[in-house]
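The structure displayed is predicted, hence computed values, not measured ones. Sequence positions, counted from 1, serve as the residue numbers for this chain.
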Amino acid sequence: MSTITRLPRVTAAETLALAAAVALPSIAQGPVARRPYAVRLAELADADGRAIRLLARLRAEHGEGPLLVRVPGRGWVMLPLASRDVRAVLDDREFTPATRAKRGALGHFQPDGLLITRDPGLRERRRALNDQVLGSGFAPFAQVVEEEAATLPRHGQLTWPRFHATHWRIVRRIVLGDGARDDVILTRQLDRLRADANWSDLRGLRTDVFNAFRRRLAGHLARAEPGSLAAGLARAHAAADVHPEGQVPHWLFAFDGAAAATYRALALAAAPQGPAAHQGPADRRATVLESVRLWPTTIAIVREAAGPTEWDVPEGTTAVIYSPYVNRAEPGDSYRPELWRDGGGEWAGVPFSAGFARCAGEDLVLFTAAALLDAVLRERSVRPSVRLEGALPAMLNHFRLNFAVKAA
C-alpha cells in the first residue's frame, strides 16, 4: 500500500508574501502575452529574484517537500520546490495540464488545443497528432531560417522589434508556408486574442476577432504548402474530433516564445563565457536551452489534481511549478551549457516542461532557434547592451535588449 504524504501548510503571513512576490508579478507580466511595461517594472523591482529568494527561504524553513497554500476563493495550491517533486507532479497523469485557469486563458484563441483537453482519450489522440506533425522533417526549415536571417542587419543596431518581425516571418513560413510569410494581419489578430487571454475567463471571448483569425488561418492551411507543417497536418488524416486545425494556433503561440529565448541566447553566445562563433549545432542547442533555463518563457507550469496522488491534497488542487526557481535552485545561476551536452545527466530544471505533457514541439523549436543563432553569428560579431558573466540576473528583459552588430 502506497504512503500518502501530508504537506506542510504555509502561514497566513507567508501566503501574503507568496501572493506579493510570486503570484502578482507573474500575472502582471502576462502569462500568455508579455506586457512590456509590466516586464520593465518587474525588472526594476528584481521581481523574479525576490520570488526566488522567498521560495528558497520557505524551503529552508519547511523542508524539502512541497508546500501547501490556501488561496481564498480559489482552493488549495501546491508548490513543488525540489527536483524529485517537480518530476513526480509532471509524470503523474492525475495532474492534468487542462486547468481551469488555462482553459479560460487559452480558450480565447485555441479552444480545441491539446493543452486544455480534459478528456484523457481525446488528449492522447491530439498528442499523437502533434507528435507526428512536429516530430520530424526539419531539414526544409533550415533554408527558411537562412533566408530570413540574411535580412537582419550586418552593421549598426539589432533591436528586439527588428528581430521579432524576422522571427515571425520564419514562423509563418515554417507553420503555414511561404504564402503566409508577410501575413502580419494574422499575427496581429493572434496577438489581440493572446492579450485577452492574459485575463483568463475574466474577459469575454472576442468572437469577431477569433472568427476572423480562424478564417484567415484556414485559408493558409487549405494550401497545405509543401515543406510546411500545414502539409504535414494535411497528410495526417486525423479524426474530426481531434480538430487538427485547432492545434495550429498553439504552434504559432509557442513559437513566439521561442523568439525571446533565441534573442536571449544570442546575448549568452556573445558573452565572455559564451560559445565561439564557429561551434556546432549541439553547442547552439545547449545555449538555447540555457537561455530557457535561466530565463523561462513560461513563468509557471501549472497542473491540477484530477484524482488521487501521492500527496494528501484534495481533488482540484493546483500544482504550481515556479520555473525561475526550480530551473536555478539546483543547477545554479551561472551559464552552464554542459548540462545539455552528451546526454546531460544533472538535473537542469524544466525549460520545456517534462513528463507526459512535455512540449511536443521541443525538438523543432530547438532546431529552429539553434539554426537562427548559428546563421546570425556566422556572418556577424554582436555585442549585447548588457554584460553577462558570473551569476546571471534573474531577469533579462528582451524588450530592452539590443546588440551592436558588425559584419564578421
Side-chain angles (χ1 to χ4, degrees), residues 1-27 31 48-104 115-116 118-120 123 200 296 298-332 346-351 353-358:
M1 183 176 179
S2 61
T3 302
I4 304 297
T5 304
R6 295 185 65 85
L7 302 181
R9 300 183 183 182
V10 302
T11 66
E14 290 169 338
T15 299
L16 289 174
L18 285 166
V22 179
L24 293 179
S26 300
I27 294 169
D48 284 7
R50 289 172 180 269
I52 289 169
R53 291 189 291 273
L54 172 62
L55 291 172
R57 187 169 70 250
L58 292 176
R59 182 174 177 178
E61 292 174 0
H62 291 281
E64 290 294 297
L67 302 177
L68 197 58
V69 184
R70 178 69 174 176
V71 180
R74 303 295 288 187
W76 292 98
V77 171
M78 185 176 85
L79 290 173
L81 301 177
S83 58
R84 180 263 175 201
D85 296 316
V86 170
R87 286 182 290 216
V89 167
L90 296 177
D91 283 337
D92 190 344
R93 291 179 179 271
E94 293 296 347
F95 279 104
T96 176
T99 67
R100 172 188 165 186
K102 197 179 297 179
R103 295 196 309 274
L115 275 184
I116 56 174
R118 287 190 66 83
D119 178 77
R123 184 168 65 233
S200 190
T298 300
I299 298 177
I301 300 172
V302 184
R303 299 288 186 264
E304 186 176 282
T309 74
E310 66 177 85
W311 296 283
D312 182 22
V313 296
E315 186 172 329
T317 295
T318 302
V320 177
I321 297 166
Y322 185 69
S323 301
Y325 175 80
V326 302
N327 286 2
R328 290 177 179 239
E330 294 174 31
E346 274 190 73
W347 163 255
V350 283
S353 189
F356 72 94
R358 187 184 188 93

A.B. asks: Please report the shortest heavy-atom distance between Ile116 and Lys102, naming the atom on each side.
C.D. replies: CG2-O, 3.6 Å
A.B. asks: Could you give the distance from OG1 (Thr298) to OH (Tyr322), rounded to the nearest 0.5 Å?
C.D. replies: 12.5 Å
A.B. asks: Mind checking the CZ-CG spacing from Phe356 to Leu90? Nearest 0.5 Å is all I need.
C.D. replies: 8.5 Å
A.B. asks: Taking C-beta and beyond as the side chain, do Trp76 and Val313 meet within less than 4.5 Å on heavy atoms?
C.D. replies: no
A.B. asks: Would you say Met78 and Asp85 make side-chain contact, with heavy atoms under 4.5 Å?
C.D. replies: no
A.B. asks: Contact between Leu54 and Leu18 at the side-chain level, heavy atoms closer than 4.5 Å - yes or no?
C.D. replies: yes
A.B. asks: Tell me the closest heavy-atom pair linking Ile52 and Pro324, and the distance in Å.
C.D. replies: CD1-O, 3.4 Å
A.B. asks: Can you tell me how far the CG atom of Leu68 sits from the CH2 atom of Trp311, to the nearest 0.5 Å?
C.D. replies: 12.0 Å
A.B. asks: Say you draw a straight line from CG of Leu58 to CG of Leu79; how long is it, rounded to the nearest 0.5 Å?
C.D. replies: 8.5 Å
A.B. asks: Check each of Val326, Ile321, Leu7 against Pro80 using the side chain to side chain contact (heavy atoms under 4.5 Å, CB included) test, and report the only one that passes.
C.D. replies: Ile321
A.B. asks: Hey, could you give me each pair passing salt bridge (charged side-chain N to carboxylate O under 4.0 Å, His left out) that has a residue in residues 4-25? Not counting sequence neighbours.
C.D. replies: Arg6-Asp312
A.B. asks: Can you list every pair that meets salt bridge (charged side-chain N to carboxylate O under 4.0 Å, His left out) and has a residue in residues 57-72, with sequence neighbours left out?
C.D. replies: Arg59-Glu64, Arg59-Glu330
A.B. asks: Please report the interatomic distance CD(Glu315) to CD(Glu94), rounded to the nearest 0.5 Å.
C.D. replies: 8.5 Å
A.B. asks: Could you give the distance from CG (Leu115) to CZ (Arg123), rounded to the nearest 0.5 Å?
C.D. replies: 10.0 Å
A.B. asks: Write down the atom of Arg303, the atom of Thr99, and the distance for their closest heavy-atom approach.
C.D. replies: C-CG2, 3.6 Å
A.B. asks: Test of understanding: with salt bridge (charged side-chain N to carboxylate O under 4.0 Å, His left out), list the residues that count as partners of Arg74, not counting sequence neighbours.
C.D. replies: none
